[in-house]
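All values below come from the heavy atoms of this structure, side chains included, with hydrogens, waters and symmetry mates left out.
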Amino acid sequence: MNKHAITAQPMSPIPPDDLQRTVAVARPNQDESLPHIGLVGDTYTILLSGNDTNGRYCLIDMLIPPGGGPGPHRHDFEESFTVLEGEIEAMFRGEKSVVRAGETINIPANAPHSFTNASEQTARLLCICAPAGQEEFFAEIGVPLATRTTPPPKLDKAAQSKFIKTAQELAPKFRTELLKLSPQ
């Protein structure tokens with residue numbers, strides 16, 4: 001038996017239904033109220049935020065253009081990626097894995113990682129972070145976009161410097177550490 005499974009927890013009654021909470025349905029191609037965020041050349045749409053899930057997780061739709069993806073980082077929450085279209089190259093503790101459409105990778109909390117779209121076509125991923133909070137970091141450092149498929153604006157040197165400074169300053173608040181690129 002998995003020592004972390006719900007069946008490994010002490011038995012207790014299931015709490016009553018919380019009638020203050022409502023169902024959340026995300027329709028990223030039609031719902032203009034969903035936040036679309038440009039970040040490091042990628043487009044992230046927040047499908048479910050911590051407000052929708054009582055802080056248990058967030059769900060993010062990610063469009064990663066060729067060459068896109070975040071640099072090396074780590075954080076103290078779990079992060080899983082399911083590739084819907086295309087493929088990514090994920091670096092986990094210095095080891096590369098190619099993750100293709102229909103496949104999922106889980107990154108354990110605290111582990112150094114990054115990913116890149118090394119292919120010629122845009123990759124689309126679903127990202128789950130548990131517990132929630134990463135979506136708030138993205139909203140604070142990214143730029144608002146009009147739609148799920150809107151590419152983010154190209155940043156000039158000054159804007160890139162400002163972005164990096166802001167990300168480095170805010171990362172600890174969101175229990176994230178931005179790591180240096182290792183020499184190739």
Side-chain angles (χ1 to χ4, degrees), residues 3-4 35-83 86-99 103-119 122-145 151-184:
K3 66 181 178 178
H4 303 289
H36 308 289
I37 301 167
L39 192 62
V40 298
D42 306 337
T43 300
Y44 299 166
T45 298
I46 310 306
L47 300 177
L48 297 173
S49 72
N51 290 331
D52 298 316
T53 66
N54 206 27
R56 293 183 176 172
Y57 67 94
C58 65
L59 180 64
I60 305 165
D61 183 325
M62 299 178 156
L63 282 183
I64 314 298
H73 63 283
R74 63 188 207 108
H75 36 66
D76 76 344
F77 50 85
E78 298 286 310
E79 185 173 42
S80 293
F81 301 98
T82 298
V83 179
E87 64 182 45
I88 60 169
E89 289 182 357
M91 289 296 290
F92 172 73
R93 296 183 186 142
E95 301 227 358
K96 186 185 301 184
S97 296
V98 176
V99 186
E103 299 176 345
T104 299
I105 185 170
N106 183 68
I107 307 297
N110 307 312
H113 65 283
S114 63
F115 68 83
T116 303
N117 179 353
S119 75
T122 298
R124 184 176 182 196
L125 324 174
L126 285 181
C127 172
I128 296 175
C129 298
Q134 186 72 344
E135 78 282 15
E136 295 174 16
F137 182 43
F138 293 160
E140 284 204 40
I141 64 173
V143 295
L145 300 175
K154 299 275 190 234
L155 301 180
D156 62 22
K157 285 225 184 268
Q160 283 181 333
S161 293
K162 182 180 178 196
F163 167 79
I164 290 167
K165 183 177 187 275
T166 302
Q168 288 171 335
E169 288 171 356
L170 288 174
K173 173 182 173 183
F174 294 96
R175 307 187 60 83
T176 296
E177 181 181 5
L178 305 176
L179 303 172
K180 302 259 187 269
L181 288 170
S182 58
Q184 297 293 337

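- Under the rule for a ring-ring contact (aromatic ring centres under 6.0 Å, His included), the partners of Phe137 that lie at least two apart in sequence or sit in another chain are Phe174.
- Here CZ of Phe138 is found 5.0 Å from CD1 of Ile60. Values are rounded to the nearest 0.5 Å.
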Residues Phe115, Ile105; criterion side-chain contact (heavy atoms from CB on, under 4.5 Å); working and verdict: CA-CA 11 Å; Phe115 68 83; Ile105 185 170; over 6 Å; no
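- Between the CD1 atom in Ile141 and the CD atom in Gln168 there is a gap of 10.5 Å [rounded to 0.5 Å].
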Compile the donor-acceptor pairs under 3.5 Å between side chains in residues 92-99 and protein atoms, sequence neighbours left out, one pair per line.
none

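- Residue pairs meeting the salt bridge (charged side-chain N to carboxylate O under 4.0 Å, His left out) criterion with at least one partner in residues 66-82, sequence neighbours excluded, are Arg74-Glu177, Asp76-Arg175.
- Taking the side chain as every heavy atom from C-beta outward, Cys127 and Leu59 never approach each other to under 4.5 Å.
- Of the residues listed (Ile88, Asn117, Asp61, Thr104), the one engaging Leu125 in a side chain to side chain contact (heavy atoms under 4.5 Å, CB included) is Ile88, and it is the only one.
- For the atom pair SG (Cys58) and CD1 (Ile128), the distance works out to 9.0 Å, reported to the nearest 0.5 Å.
- To the nearest 0.5 Å, atom OH of residue Tyr44 and atom CG of residue Leu145 are 11.5 Å apart.
- Residue pairs meeting the ring-ring contact (aromatic ring centres under 6.0 Å, His included) criterion with at least one member in residues 50-74, sequence neighbours excluded: His73-His75, His73-His113.
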Should Leu126 and Leu47 be marked as a side-chain contact (heavy atoms from CB on, under 4.5 Å) after you check the CA-CA gap, both sets of side-chain angles, and the distance that decides it? CA-CA 9 Å; Leu126 285 181; Leu47 300 177; 3.7 Å; yes
Tell me, with the steps shown, if Leu155 and Gln160 meet side-chain contact (heavy atoms from CB on, under 4.5 Å). CA-CA 6 Å; Leu155 301 180; Gln160 283 181 333; 3.6 Å; yes
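- Among residue pairs with one or both ends in residues 162-174, those qualifying as salt bridge (charged side-chain N to carboxylate O under 4.0 Å, His left out) are Glu140-Lys173, Lys165-Glu169; sequence neighbours excluded.
- Within the 3.5 Å criterion, the main-chain N or O of Ala158 finds a donor-acceptor partner in the side chain of Asp156.
- For His36, there are no ring-ring contact (aromatic ring centres under 6.0 Å, His included) partners two or more places apart in sequence or in a different chain.
- Here the side chain of Glu135 pairs a donor or acceptor atom with the backbone of Gly133 at under 3.5 angstrom.
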